[in-house]
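In what follows, a structure is listed as structure tokens, so that the remarks can point back to it.
One-based numbering, in listed order, for ligands and for the atoms of each. Just so it is clear, the values below take in all heavy atoms, side chains as well, and ignore hydrogens, waters and symmetry mates. Computed from a prediction, not measured in an experiment: that's the story for all the values here.
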Amino acid sequence: APSLFDERLLPNNISIPDGFRLRPLRRDDFGYLELLKQLTSVGFINQLEFRKRFDAMKRAKSYYIVVLEQIGSSKIVGAATLLIEFKYIHEAGQRGRIEDVVVDAAMRGKKVGVLLNEVLVDMAKLIGVYKLSLECKTELIPFYEKFGYSKNLHFLDQRF
Ligand code: 16G
């Protein structure tokens, strides 16, 4: 099945625990949705819709969804997204956003979140973003600060 992005973009200087593989999301990774349900509401998405959304993300060339696969079970136990936003400011610069960081409940406390964040920060630097940002719960601020972020602007949203 096709990958969302070229896997050669993944950094090779970050060590992955034995029995696990880091790779881009693939078009047949329907099980990714089960993991996302541990982050927030996913609702009902069938396989056709999953593939359509995958194709749209791939065409956009701005979505880097990285997954950690448990090799024996082929299960996705962690995932995180780097999204690249095109700007005119900063000399037609690029802004990076970290989204949908999720680690399977059975895999928490094993530094999977650390691994995913290190990988995406490296990729963002390689791609050449002028800034990288994310939104998180208050209690996760100290966790994210370890990767170089500082609490700066306020984040506002409205829901529909
Ligand atoms: C968190 C996520 C964000 C995700 C949102 C979903 C990180 C760093 N942040 O803020 O990416 O989209 O949760 O929650 O993973 P929502 O369903 O309330 O929007």
Approximate separation, where rounding is to 0.5 Å, of R23 CZ and F5 CZ: 10.0 Å
R108 side chain to Q38 side chain, donor-acceptor N/O pair below 3.5 angstrom: yes
Nearest non-hydrogen partners of V67 and P24, listed with the distance: CG2-O, 4.3 Å
Side-chain ion pair, E49 and R51, N-O less than 4.0 Å: no
Nitrogen or oxygen atoms of E99 and ligand 1 under 3.5 Å apart: yes
Between S133 and R95, a side-chain donor and acceptor under 3.5 Å: yes
NZ/NE/NH1/NH2 to OD/OE distance under 4.0 Å, K110 and D104: no
Atom 4 (C) of ligand 1: nearest protein contact (heavy atom, Å): D100 OD1, 3.2 Å
Atoms of ligand 1, numbered as shown, that sit under 4.0 Å from any heavy atom of T40: 6 (C), 14 (O), 16 (P), 17 (O)
Residue, atom name and distance, where the atom is the protein heavy atom closest to atom 10 (O) of ligand 1: E135 O, 3.4 Å
Distance from atom 15 (O) of ligand 1 to nearest protein heavy atom, with residue and atom: V101 N, 2.9 Å
Mode of R97 contact toward ligand 1 - side chain, backbone, both, neither (heavy atoms, under 4.0 Å): neither
For atom 13 (O) of ligand 1, the protein heavy atom that lies nearest, with its residue and separation: L39 CD1, 4.2 Å
